[in-house]
Amino acid sequence: MNKILNVIKATVLIFGVSIANIYAQETEKIIGTVGGEKLGDDGIVICVLGTQACMPVQIDKNMTVKYNGEETKLTDLPFALYIEAELNDNNKITTIKIDERKTVICFVEHKEGDNVKLTTLLNGIKGVEDFKLYRKSNQVLIEYNPKQIAYSELEAKVKNAGFILE
């Protein structure tokens with residue numbers, strides 16, 4: 001009986017790993033923000049969180065997402081809007097979610113003492129609710145309340161504190 005149970009367990013495990021492997025090969029999840037570069041009506045750039053890379057991706061030009069309460073084409077999404085996208089093997093977005101309350105700010109460099117300076121700054125900005133520093137990639141993920149502070153104001157405060165943004 002134990003032998004049969006072990007065979008069943010092994011079969012289920014192999015089946016589960018196979019399905020996970022197939023899924024992992026078909027899609028890739030990318031988290032980041034909309035980049036400023038324009039790629040026409042069939043592509044956007046995603047600045048990838050945790051890396052120093054911006055990645056051009058293909059889109060379905062008819063795909064929309066709800067932004068500011070309205071259906072919006074992906075090419076019309078604003079710079080620095082937080083997105084989570086799944087891509088197929090051809091680097092084409094298959095699904096996308098946005099979060100208007102998050103952004104990622106990328107820095108040109110990160111010097112000694114910048115963590116403390118940035119932490120103090122962000123803790124003092126009304127409307128910033130939470131943040132996470134990504135020192136290796138010179139980025140910060142910020143959760144904020146857009147009714148209290150607009151992205152442009154947030155960016156200006158970071159620049160005015162002496163940080164150089166990409």
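- Of all heavy-atom pairs between Cys47 and Gly35, the closest is SG-CA, 3.8 Å.
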ask   = Checking salt bridge (charged side-chain N to carboxylate O under 4.0 Å, His left out) for the pair Glu153/Lys157: CA distance, chi angles, key distance, verdict?
value = CA-CA 6 Å; Glu153 294 172 285; Lys157 287 181 183 281; over 6 Å; no
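- Put simply, the side chain of Ile142 does not reach to within 4.5 Å of the side chain of Lys102, judged on heavy atoms.
- For the pair Val57 and Ile30, the minimum side-chain heavy-atom distance is 4.5 Å or more.
- Distance alone, capped at 3.5 Å, is enough to place a donor-acceptor pair between the Asp114 side chain and the Lys111 backbone.
- Residues Val45 and Met55 fail the side-chain proximity criterion, which asks for heavy atoms closer than 4.5 Å.
- Residue Lys117 holds its NZ atom at 12.0 Å from CG of Asn115, rounded to the nearest 0.5 Å.
- Classified by interplanar angle (parallel below 30°, tilted 30° to 60°, perpendicular above 60°), the ring pair Tyr151/Phe79 is perpendicular.
- Cluster annotation: Ile46 and Leu49 are assigned to distinct hydrophobic clusters (Ile/Leu/Val/Met/Phe/Trp/Tyr, side-chain heavy-atom contacts under 4.5 Å, transitive).
- Cluster annotation: Leu141 is not connected to Leu133 through the hydrophobic network of ILVMFWY side chains, with a link wherever side-chain heavy atoms come within less than 4.5 Å.
- Taken from OG1 in Thr94 to CD in Glu28, the straight-line distance is 10.5 Å, to the nearest 0.5 Å.
- Atom-to-atom distance recorded for Ile105:CD1 and Glu166:CD is 12.0 Å, nearest 0.5 angstrom.
- Note: Cys54 SG to Glu37 CD = 5.5 Å, rounded to the nearest 0.5 Å.
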key: side chain to side chain contact (heavy atoms under 4.5 Å, CB included) between Val128 and Lys126, intermediate numbers included   = CA-CA 6 Å; Val128 171; Lys126 186 177 179 176; over 6 Å; no
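- Under the 4.5 Å side-chain criterion, counting only non-hydrogen atoms from C-beta, Val48 is not in contact with Ile31.
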task = For salt bridge (charged side-chain N to carboxylate O under 4.0 Å, His left out), just list the numbers for Arg101 and Glu129, CA-CA rounded to whole Å, side-chain angles, deciding distance to a tenth of an Å, and then say yes or no.
result = CA-CA 9 Å; Arg101 301 175 55 87; Glu129 297 174 347; 2.7 Å; yes
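- Counting heavy atoms from C-beta outward, Thr103 and Leu81 have side chains that stay 4.5 Å or more apart.
- Considering every non-hydrogen atom in both Thr33 and Ala80, the closest pair reads CG2-O, 3.5 Å.
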request  = Verify side chain to side chain contact (heavy atoms under 4.5 Å, CB included) between Asn138 and Val108, making sure each step is shown before the conclusion.
outcome  = CA-CA 7 Å; Asn138 295 333; Val108 171; over 6 Å; no
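- Between Pro56 and Leu39, the shortest heavy-atom distance links the atoms CB-CD1, 3.7 Å.
- Tracing side-chain contacts under 4.5 Å through hydrophobic residues (I, L, V, M, F, W, Y), one never reaches Ile149 starting from Tyr82; they form parts of separate clusters.
- Across Gly50 and Gln139, no two heavy atoms sit closer than the pair N-OE1, 2.7 Å.
- By the neighbour-count criterion of 12 heavy atoms within 6.0 Å, atom NZ of Lys61 is sparsely surrounded, having that number or fewer from other residues, nucleotides or ligands.
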request  = Assess whether side chain to side chain contact (heavy atoms under 4.5 Å, CB included) is satisfied between Phe107 and Ile164, documenting all intermediate values.
outcome  = CA-CA 6 Å; Phe107 302 96; Ile164 302 169; over 6 Å; no
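- Val140 is not listed as a side-chain neighbour of Tyr134, based on a closest heavy-atom distance of 4.5 Å or more.
- Under the 4.5 Å side-chain contact rule for hydrophobic residues, Leu87 and Val34 share a cluster.
- Looking only at side-chain heavy atoms (C-beta outward), Ile93 and Glu86 stay at 4.5 Å or farther from each other.
- No donor-acceptor contact under 3.5 angstrom links the side chains of Gln148 and Tyr144, judged on distance only.
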ask   = Where do Lys97 and Glu84 land on the salt bridge (charged side-chain N to carboxylate O under 4.0 Å, His left out) test, with the steps shown first?
value = CA-CA 5 Å; Lys97 292 189 309 184; Glu84 295 179 8; 3.7 Å; yes
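- Closest of all the heavy-atom pairs between Ile44 and Leu74 is CG2-O, 3.8 Å.
- Counting only N and O atoms by type, the side chains of Thr72 and Glu70 include no donor and acceptor under 3.5 Å apart.
- Counting heavy atoms from C-beta outward, Met63 and Ile96 have side chains that approach closer than 4.5 Å.
- Following chains of ILVMFWY side-chain contacts shorter than 4.5 Å, one can reach Ile125 starting from Leu165, so the two form part of one hydrophobic cluster.
- The structure places CG of Leu77 at 9.5 Å from OG1 of Thr64, a figure rounded to the nearest 0.5 Å.
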inquiry  = Under the criterion side chain to side chain contact (heavy atoms under 4.5 Å, CB included), I'd like the reasoning laid out for Lys92 against Ile59: C-alpha separation, chi angles, the key distance, then a yes or no.
reply    = CA-CA 5 Å; Lys92 187 170 186 176; Ile59 60 169; 5.9 Å; no
